[in-house]
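Computed from heavy atoms alone, side chains included, the values below leave out hydrogens, waters and symmetry copies. Lettering of chains follows the sequences in order, A, B, ..., and the numbering in each one begins at 1.
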Protein chains: 2
Amino acid sequence: MLKIPDNQVAGHRALDGKLGPLIDDSGRFYKPLQKNERGSKEVAFYTSFYSNTRIPNHIRRFFPLFHGTQMLEASDGSGLHPHLVLQDVVSGRVNPSIMDVKIGSRTWYPQATDKYIEKCLKKDRETTSSQLGFRISGLQIFRNKESGFWKPEKRGVLSYTAMEVRLVLRKFVSSNIDPELISELDCSYASAVYGGSSGILAQLLDLKAWFEDQTIFHFNSCSILMMYDKEALFRGKKLKADIKLIDFAHVIDGEGVIDHNFLGGLCSLIKFISEILTNLDNNTK
Amino acid sequence: MLKIPDNQVAGHRALDGKLGPLIDDSGRFYKPLQKNERGSKEVAFYTSFYSNTRIPNHIRRFFPLFHGTQMLEASDGSGLHPHLVLQDVVSGRVNPSIMDVKIGSRTWYPQATDKYIEKCLKKDRETTSSQLGFRISGLQIFRNKESGFWKPEKRGVLSYTAMEVRLVLRKFVSSNIDPELISELDCSYASAVYGGSSGILAQLLDLKAWFEDQTIFHFNSCSILMMYDKEALFRGKKLKADIKLIDFAHVIDGEGVIDHNFLGGLCSLIKFISEILTNLDNNTK
């Protein structure tokens with residue numbers, strides 16, 4: 001049985017009879033192929049990525065598994081439509097907190113059409129992409145059983161200022177995020193989520209080291225999903241935070257050059273997260 | 001006695017009655033303040049940079065020394081004009097080989113005017129800036145006493161493709177660069193110039209580490225000068241290669257964010273130079 005994913009924070013959604021991704025109970029994510037060659041480009045990327053032996057396993061773990069394509073009844077009722085069959089990266093998590101961060105100060109690339117470049121440039125300048133090297137595309141933060149998720153509207157998220165981005169990256173790992181609370185965000189999950197040898201910062205640094213060297217792909221307009229769930233903590237287990245790269249409709253051949261646009265934005269995100277951990281250290285001294 | 005510098009490879013030159021920089025015999029470089037606030041912005045940058053105690057000495061060495069401003073007779077005969085008084089970074093070098101590399105996939109910045117952004121974007125796309133994260137703005141390579149310098153024309157340099165950039169970075173450290181030679185470039189100075197613990201690659205890596213952390217300045221449209229002279233080698237001494245950052249008319253406040261645009265381009269240049277050294281190692285194995 002296919003259903004609409006609950007935990008999608010950005011991108012097209014299969015609601016109100018629109019075309020969007022579906023999931024099943026076995027942990028698979030069915031993403032309709034996008035029109036205008038984008039769909040076929042994304043299939044080509046997954047095929048090329050998983051057949052490339054130069055990509056180390058510690059990097060592959062940051063990408064959704066790929067199970068090919070499949071014709072499925074589209075969520076908009078338009079009949080059979082080709083879908084990418086991917087790993088549902090949030091499958092198995094209970095009430096996950098998720099943030100979608102689109103990396104790169106530019107989402108366009110020299111090979112694109114003038115019209116596409118103009119559209120992207122406008123959006124990059126209207127959001128934080130140009131200034132910060134990344135923008136937040138969407139997020140949800142689980143508060144507790146009673147109040148459920150905090151999930152700000154897309155329009156509000158895209159209009160974040162640099163200051164608001166800084167704040168929401170702290171909010172993402174705080175327990176006192178209710179709007180009526182006027183105390184400072186406590187960042188009580190920061191060390192567990194961002195810190196440590198297997199936390200999000202460590203994973204971003206692994207990714208960075210690869211991007212300093214790899215010249216195979218340029219990941220235009222891709223996102224890093226950051227996610228964790230508190231359920232483990234409640235059960236006395238170790239909290240597990242993960243990053244995954246998603247959205248590869250604009251990946252192009254690196255042609256022997258590093259992806260300086262993704263790398264620059266990634267380093268900027270790393271700096272933002274490092275500062276949260278540094279402030280934590282300073283406060284507990 | 002002021003004179004026109006011999007070793008300028010890019011930017012406005014004080015030739016044919018135009019306004020341009022001058023040097024003296026004591027190792028100082030007099031740069032006329034540019035119009036449209038650019039001049040005053042560059043003065044403001046030098047003042048701010050040298051009064052900022054957070055900038056470590058191993059980073060300061062990459063910048064020209066600053067001795068204030070001075071009213072001088074302009075090189076275009078237009079009368080007294082304010083000049084920046086800087087260290088002449090090539091002073092003391094005999095027949096230096098020099099390359100000016102403008103860093104960043106974009107030379108514009110969000111705070112600039114639409115007109116300026118449009119102009120820069122066009123040039124970034126016409127040159128290698130968008131694609132490689134940097135472009136070569138000018139260069140000269142000293143061959144020998146008989147044939148003197150090879151100094152390609154500005155227009156040709158700005159129209160380099162990615163492949164030509166790769167080639168000229170090898171040519172910069174080769175001894176067999178005469179156009180009539182059809183043998184492969186020998187890269188015979190590559191280890192001495194790019195390699196080693198004090199070579200250009202090591203300096204670029206020092207700079208990179210700083211850029212991963214510093215959020216004080218954004219260096220829009222700045223260049224890295226790479227330079228060395230073979231004279232030392234002829235005299236049996238160790239060849240000394242250096243990098244210097246120049247051109248700060250578009251530096252803006254970092255506002256707590258790293259300069260992801262400069263950093264990305266710098267990492268791309270580092271990768272190009274690393275590859276030359278790696279190929280060298282492979283060839284001698």
Side-chain angles (χ1 to χ4, degrees), chain A residues 103-106 108-112 114 117-118 120-122 124-135 161-163 165-166 204-205 208-215 218 220 252-275 278-279, chain B residues 103-106 108-112 114 117-118 120-122 124-135 161-163 165-166 204-205 208-215 218 220 252-275 278-279:
Chain A
I103 305 291
S105 71
R106 69 175 190 212
W108 59 272
Y109 42 106
Q111 297 82 345
D114 282 354
I117 291 180
E118 198 181 322
C120 290
L121 180 63
K122 185 167 179 288
D124 295 342
R125 291 181 65 194
E126 284 169 355
T127 62
T128 62
S129 292
S130 290
Q131 195 193 347
L132 306 186
F134 64 87
R135 67 173 173 251
T161 61
M163 194 65 84
V165 165
R166 211 176 281 282
L204 293 173
L205 289 170
K208 169 177 172 256
W210 185 61
F211 269 92
E212 286 173 345
D213 189 54
Q214 77 87 13
T215 62
H218 282 196
N220 303 297
I252 57 168
D253 190 320
E255 293 180 355
V257 178
I258 65 162
D259 187 351
H260 46 86
N261 177 57
F262 189 101
L263 177 58
L266 177 59
C267 289
S268 179
L269 177 62
I270 285 172
K271 176 70 177 174
F272 272 77
I273 290 177
S274 303
E275 281 178 345
T278 308
N279 289 337
Chain B
I103 306 292
S105 72
R106 70 176 189 211
W108 58 271
Y109 42 105
Q111 298 81 346
D114 283 353
I117 290 178
E118 198 181 320
C120 289
L121 181 63
K122 186 166 180 286
D124 295 342
R125 292 182 63 194
E126 284 168 356
T127 62
T128 61
S129 293
S130 289
Q131 195 193 347
L132 305 187
F134 65 88
R135 67 174 173 253
T161 61
M163 194 64 85
V165 164
R166 212 175 280 282
L204 292 173
L205 289 170
K208 169 176 171 257
W210 186 60
F211 269 91
E212 286 174 345
D213 188 54
Q214 76 88 14
T215 61
H218 282 196
N220 303 296
I252 57 168
D253 190 321
E255 294 179 352
V257 179
I258 65 163
D259 188 350
H260 46 85
N261 177 58
F262 190 101
L263 178 58
L266 177 59
C267 289
S268 179
L269 176 63
I270 284 172
K271 176 70 176 172
F272 272 77
I273 291 179
S274 302
E275 280 178 346
T278 308
N279 289 339

Gap separating the NE2 atom of A/His260 from the CG atom of B/Asn261, nearest 0.5 angstrom: 9.5 Å
Quick one: which of B/Glu275, B/Lys208, B/Gln111 has the most heavy-atom pairs under 4.5 Å with chain A, could you say? B/Lys208
Please flag which part of B/Asp213 lies under 4.5 Å from any non-hydrogen atom of chain A: side chain, backbone, both or neither. both
Show the nearest heavy-atom pair for residues A/Val257 and B/Ser268, with the distance to one decimal. CG1-OG, 3.9 Å
Please flag which part of A/Phe272 lies under 4.5 Å from any non-hydrogen atom of chain B: side chain, backbone, both or neither. side chain
Part of A/Glu255 within contact of chain B (heavy atom distance under 4.5 Å): both
Cut-off 4.5 Å, heavy atoms of chain B, and the answer for A/Leu263 is side chain
Top of A/Gly265, A/Ser274, A/Gly133, A/Ala162 for chain B proximity - count of heavy-atom pairs under 4.5 angstrom: A/Gly133
Under 3.5 Å: donor-acceptor pair, side chain of A/Arg106, backbone of B/Ser130: yes
A/Ile117, part contacting chain B, at a heavy-atom distance under 4.5 Å: side chain
Please look at A/Asp124 and chain B and tell me whether the side chain, the backbone, both or neither of the residue comes under 4.5 angstrom of a heavy atom of that chain. neither
For A/Thr215, is it the side chain, the backbone, both, or neither that has a heavy atom closer than 4.5 Å to a heavy atom of chain B? side chain
Interchain contact, A/Ile270 with chain B, by part (heavy-atom threshold 4.5 Å): neither
